[in-house]
Amino acid sequence: MRFSPSISTLVFDELLTTLEVIGVDNTIKTLKEAKTKSILQNYDVDFVVNSISSMTGVESERILCGIDRSDERKMALALCVYYIKNECGYTYNDLKRIFGKDESALWRYYSIVEHIPEKPKTEFDKKLSGYVKKMKLLITQRKIKK
């Protein structure tokens, strides 16, 4: 009787081989790039992430996989969460898989955009409000083209 390895065993063996060949950092980088590419295959998500990336100047890979806590990334991530949820109809459970964050973190990002003051006082709120206006315009233009 011949033993047939399970899929998880094959994946694990391949991962260990890859780690030995290209190292830990390059393996992690490759996995993150693959994740980013698969996420961006959805046309609507791709539109939102790329639009916000070009608007804010934060690379899409940094939005999806970054770990820095800069205001620029925070704004870009909040905008992505908000518009992917509202325009693409994704749930927080779907967003968890895209961004690798828990629901409470995603809710906080969503709330940043949802609760922008009508008369922004801080530079952060003013900048975010400007991005929201630009994004609404881009979405309206896209809907008209469809």
Side-chain angles (χ1 to χ4, degrees), residues 6-8 10-146:
S6 67
I7 292 174
S8 58
L10 293 172
V11 169
F12 190 69
D13 289 344
E14 189 63 35
L15 182 60
L16 288 176
T17 304
T18 304
L19 284 168
E20 289 176 1
V21 174
I22 66 174
V24 174
D25 291 339
N26 285 334
T27 301
I28 292 170
K29 181 181 175 190
T30 303
L31 289 171
K32 284 183 177 181
E33 287 171 359
K35 176 181 151 188
T36 302
K37 285 179 188 174
S38 74
I39 289 167
L40 294 180
Q41 286 177 349
N42 178 312
Y43 182 70
D44 292 329
V45 173
D46 181 46
F47 168 76
V48 170
V49 173
N50 286 331
S51 297
I52 290 170
S53 175
S54 65
M55 193 183 332
T56 61
V58 179
E59 304 85 21
S60 57
E61 184 178 315
R62 193 169 145 219
I63 294 171
L64 295 169
C65 305
I67 57 171
D68 65 285
R69 296 179 182 209
S70 65
D71 281 350
E72 293 82 18
R73 181 172 177 269
K74 185 188 295 185
M75 271 189 246
L77 187 54
L79 289 163
C80 283
V81 168
Y82 182 83
Y83 285 107
I84 291 172
K85 182 163 179 13
N86 287 349
E87 296 299 322
C88 305
Y90 280 51
T91 65
Y92 282 116
N93 205 28
D94 298 328
L95 294 171
K96 280 172 31 177
R97 282 182 262 140
I98 294 172
F99 296 105
K101 306 262 184 226
D102 61 41
E103 284 187 36
S104 63
L106 292 167
W107 182 84
R108 284 191 302 273
Y109 282 114
Y110 182 88
S111 294
I112 290 172
V113 178
E114 180 75 9
H115 299 107
I116 298 174
E118 284 186 36
K119 295 181 181 179
K121 294 179 183 170
T122 66
E123 283 303 311
F124 182 92
D125 287 342
K126 287 177 185 175
K127 197 180 240 187
L128 186 61
S129 180
Y131 290 147
V132 168
K133 288 175 185 171
K134 287 179 187 177
M135 194 63 190
K136 283 181 183 177
L137 180 63
L138 287 174
I139 289 170
T140 303
Q141 289 173 339
R142 183 166 184 251
K143 286 180 179 177
I144 290 171
K145 287 181 184 177
K146 283 186 175 180

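Because only heavy atoms are used, hydrogens play no part in the values below, and waters and symmetry mates are left out as well, while side chains stay in.
For Phe47 against Ile139, the heavy-atom pair with the smallest separation is CE2-CG1, 4.1 Å. Closest non-hydrogen pair, Cys80 versus Ile63, comes out as SG-CG2, 3.8 Å. Annotation for Val48 and Cys88: closest pair CG2-SG, 4.2 Å, computed over non-hydrogen atoms. The shortest non-hydrogen separation linking Val49 to Ile84 is CG2-CD1, 4.1 Å.
With rounding to the nearest 0.5 angstrom, the OH atom of Tyr131 is 13.0 Å from the OH atom of Tyr83. Between the CE atom in Met75 and the OG1 atom in Thr56 there is a gap of 8.5 Å [rounded to 0.5 Å]. Distance check: Leu95 CG to Tyr110 OH gives 10.0 Å after rounding to the nearest 0.5 Å. The distance from atom CG of Leu128 to atom OH of Tyr82, rounded to the nearest 0.5 Å, is 10.5 Å.
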Determine all donor-acceptor pairs shorter than 3.5 Å in which one atom belongs to a side chain in residues 11-26; sequence neighbours excluded.
residue : atom : partner : partner atom : Å
Thr17   : OG1  : Asp13   : O            : 2.9
Thr18   : OG1  : Glu14   : O            : 2.8
Asn26   : ND2  : Ile22   : O            : 3.2

Name the atoms and distances for all side-chain donor-acceptor pairs under 3.5 Å in residues 119-127, with sequence neighbours left out.
residue : atom : partner : partner atom : Å
Thr122  : OG1  : Asp125  : N            : 3.1
Thr122  : OG1  : Asp125  : OD2          : 3.3

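With a 4.5 Å cut-off on side-chain heavy atoms, Ile112 and Arg108 do not count as touching. When side chains are defined from C-beta on, Tyr109 counts as touching Lys101, because their heavy atoms get closer than 4.5 Å.
Of the N and O atoms on the side chains of Asn50 and Ser53, not one donor lies less than 3.5 Å from an acceptor on the other residue. A side-chain donor-acceptor contact under 3.5 Å links Ser104 and Asp102.
Residue pairs meeting the salt bridge (charged side-chain N to carboxylate O under 4.0 Å, His left out) criterion with at least one partner in residues 63-72, sequence neighbours excluded, are Arg62-Asp68. Residue pairs meeting the salt bridge (charged side-chain N to carboxylate O under 4.0 Å, His left out) criterion with at least one partner in residues 78-87, sequence neighbours excluded, are Glu87-Lys143.
Looking at Ser111, its side chain never comes within 3.5 Å of a backbone N or O of Glu114 through a donor-acceptor pair.
Within 6.0 Å of CG in Leu137 there are more than 12 heavy atoms belonging to other residues, nucleotides or ligands.
Shown here are the side-chain hydrogen bond (donor to acceptor under 3.5 Å, both in side chains) partners of Arg73, two or more places apart in sequence or in another chain: there are none. With sequence neighbours excluded, no residue forms a side-chain hydrogen bond (donor to acceptor under 3.5 Å, both in side chains) with Thr140.
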